[in-house]
Amino acid sequence: MIITRRTFVKAAAASGAALVLPAAAPGAPPAPVMRTVPSSGEMLPAVGLGTWITFNVGDDPVLRDECAEVMAAFFAAGGGSIDSSPMYGSSQPVIGYGLEKLGRPEALFSAEKVWTSSADGPAQIEQSRRFWGVPRFDLVQVHNLVAWETHLETLFAMKADGRIRYVGITTSEGRRHDLFEQIMRAHPLDFVQFTYNVVDREAEQRLLPLAAERGMAVIVNRPFRQGALTRQLQGETLPDWAAGIGAETWAQFILKFIVSHPAVTVAIPATTRVDHVRENLLAATGPLPDAAMRERMAAYVRDL
């Protein structure tokens, strides 16, 4: 019997045993830090893969293969969570193409969204499932709170029937946080997803503490402000002390800031490049900043 990383993690969580991950094979990349899904005890790598814009490549065979190469590098580096949405153009079938080409890696944690203002949620979710080619989604989220009352009713029923594993909601760019907080307080969500990074820190005030209080896993979107933040910092010099937390690039500096927050479960940077996906996964390895260092990091970026 072959024991995969995900099988081991699930078994440890189910048994209540202390989690000690198997040692990496010689020459293998270091394993990313794992974070707990509070509602189940399942463990997920702290850096995932977003697909907004980057996987919207249509039927172009060359670009589809490039996306599959990014996915291959992602799984090889210890990644698990891939996030998409019907809003993301051709991203869903491109993910499905990559998963098929890679033999459907067991490490996959499939995070999808429902995004329709009508009662067409079940049909849209089923279409998304066909695009991915998975038997069921691990997580389905209400995208940007569109028709959230109707969709949450659908998703909780699907979870009860075993057709999905987890239920969540999303927002981005600091929008509708008041309503988002109300829904978090009123419903037993497994996951919440919103924007958080070294400059967008509003979530620290209410959403992150509430997620910890309510036992909800947190997915962080737009960690790089869709690339604008890393482009802005590209010409700046990393502080010397960044080496002490294992940050060799600005992308790693930003991701380490995010995933070191104790309430954050997974950050989902998107990329079209194999070297970048490896760089991103390495941000979840080695030392992570403590609270004081996180404040120092934020202050350094703010003062540039």
Side-chain angles (χ1 to χ4, degrees), residues 10 13 34-46 48 50 52 80-88 108-117 119 121-122 124-126 128-129 134 136-196 200 202-223 258-259 261-268:
K10 285 182 176 178
M34 307 290 282
R35 287 294 172 84
T36 304
V37 178
S39 66
S40 68
E42 181 174 1
M43 306 289 284
L44 297 176
W52 167 236
S81 304
I82 297 181
D83 179 272
S84 193
S85 169
M87 178 187 177
Y88 299 172
L108 172 68
F109 182 91
S110 51
E112 187 49 80
K113 304 183 185 77
V114 56
W115 184 66
T116 175
S117 58
Q124 186 182 74
I125 294 166
E126 176 58 19
S128 298
R129 188 195 67 78
V134 294
R136 65 173 180 175
F137 286 118
D138 292 300
L139 165 65
V140 179
Q141 308 154 93
V142 181
H143 194 165
N144 287 339
L145 306 183
V146 173
W148 66 269
E149 292 171 301
T150 299
H151 294 322
L152 278 187
E153 182 177 351
T154 296
L155 296 182
F156 283 125
M158 292 180 69
K159 179 183 175 182
D161 291 343
R163 288 177 288 162
I164 61 174
R165 299 177 58 224
Y166 299 113
V167 174
I169 59 174
T170 83
T171 189
S172 62
E173 302 179 68
R175 293 175 293 192
R176 306 180 75 182
H177 277 192
D178 288 342
L179 176 58
F180 203 87
E181 180 182 356
Q182 292 173 25
I183 299 170
M184 288 177 68
R185 292 188 182 279
H187 297 276
L189 303 167
D190 300 295
F191 279 79
V192 290
Q193 180 180 147
F194 44 78
T195 299
Y196 177 58
D200 296 309
E202 181 185 344
E204 291 178 352
Q205 303 305 312
R206 294 181 297 168
L207 298 188
L208 284 165
L210 182 58
E213 175 189 324
R214 297 277 290 153
M216 297 172 182
V218 173
I219 297 176
V220 170
N221 60 36
R222 294 177 58 86
I258 294 168
V259 303
H261 193 289
V264 169
T265 310
V266 182
I268 50 169

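We're numbering straight along the sequence, starting at 1.
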Are [X] and [Y] close enough that some pair of their side-chain heavy atoms sits under 4.5 Å apart?
X: Ile82; Y: Leu108; answer: yes
X: Ile268; Y: Val220; answer: no
X: Thr116; Y: Val146; answer: no
X: Lys159; Y: Ile164; answer: yes
X: Leu152; Y: Val167; answer: yes

request  = Measure from the ring center of Trp148 to the ring center of His143 and say whether it is less than 6.0 Å.
outcome  =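 No, the ring of Trp148 stays outside the 6.0 Å limit from the ring of His143, centre to centre.
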message = So that I know where these two stand, are Phe137 and Phe191 an aromatic pair - ring centroids less than 6.0 Å apart?
response = no
If only atom types and distance count, is the side chain of [X] paired as donor or acceptor with the main-chain N or O of [Y] below 3.5 Å?
X: Gln124; Y: Pro86; result: no
X: Thr265; Y: Ala217; result: no
X: Arg35; Y: Val264; result: yes
X: Glu112; Y: Ser85; result: yes
X: His261; Y: Ala263; result: yes

[atom1] of [X] to [atom2] of [Y]: how many Å apart, nearest 0.5 Å?
X: Thr171; Y: Arg176; atom1: OG1; atom2: CZ; result: 7.5 Å
X: Arg185; Y: Glu213; atom1: CZ; atom2: CD; result: 6.0 Å
X: His187; Y: Glu153; atom1: NE2; atom2: CD; result: 10.5 Å
X: Arg214; Y: Ser39; atom1: CZ; atom2: OG; result: 12.0 Å
X: Ser40; Y: Asp190; atom1: OG; atom2: CG; result: 7.5 Å
X: Ser172; Y: Trp52; atom1: OG; atom2: CH2; result: 9.5 Å

For [X] and [Y], which heavy atoms make the closest approach, and how far apart are they?
X: Val192; Y: Met216; result: CG1-SD, 4.0 Å
X: Ile258; Y: Ala267; result: CG2-CB, 4.0 Å
X: Pro122; Y: Thr154; result: CG-CG2, 3.9 Å
X: Arg163; Y: Arg136; result: O-CB, 3.2 Å
X: Leu44; Y: Ser81; result: CD1-OG, 4.0 Å

query = Is there a donor-acceptor contact under 3.5 Å linking the side chains of Thr195 and Asn221?
reply =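 Yes.
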request  = Please determine, by modelled atom types, if Asp138 and Ser110 share a side-chain donor-acceptor pair under 3.5 angstrom.
outcome  =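 There is such a pair between these side chains.
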task = Would you mind checking if Asp83 and Lys113 are paired as a salt bridge, meaning a charged N to carboxylate O distance below 4.0 Å?
result =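 Looking at Lys113 and Asp83, the cut-off is met.
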inquiry  = Tell me whether Arg165 is salt-bridged to Glu42, with the criterion being a basic N under 4.0 Å from an acidic carboxylate O.
reply    =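 A salt bridge is present here (some side-chain N lies under 4.0 Å from a carboxylate O).
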Under 3.5 Å, which donor-acceptor pairs link side chains of residues 202-211 to any protein atom two or more places apart or in another chain?
unit_1, atom_1, unit_2, atom_2, d
Glu202, OE2, His177, ND1, 3.2
Glu204, OE1, Arg201, NE, 3.2
Glu204, OE1, Arg201, NH2, 3.0
Glu204, OE2, Tyr196, OH, 2.4
Glu204, OE2, Arg201, NE, 3.1
Glu204, OE2, Arg201, NH2, 3.3
Glu204, OE2, Arg294, NH2, 3.3
Arg206, NH1, Asp178, OD1, 2.9
Arg206, NH1, Glu181, OE1, 2.8
Arg206, NH2, Asp178, OD1, 3.0

ask   = Do Asp200 and Glu173 pass the side chain to side chain contact (heavy atoms under 4.5 Å, CB included) test, and can you show the C-alpha distance, the side-chain angles, and the key distance before you say yes or no?
value = CA-CA 8 Å; Asp200 296 309; Glu173 302 179 68; over 6 Å; no
key: Passing option when Ile169 is tested against Leu179, Leu155, Asn144, Leu145 for side-chain contact (heavy atoms from CB on, under 4.5 Å)   = Leu145
task = Give the ring-plane orientation class for Phe180 versus Phe194, where under 30° counts as parallel, over 60° as perpendicular and anything between as tilted.
result =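 Phe180 and Phe194: perpendicular rings.
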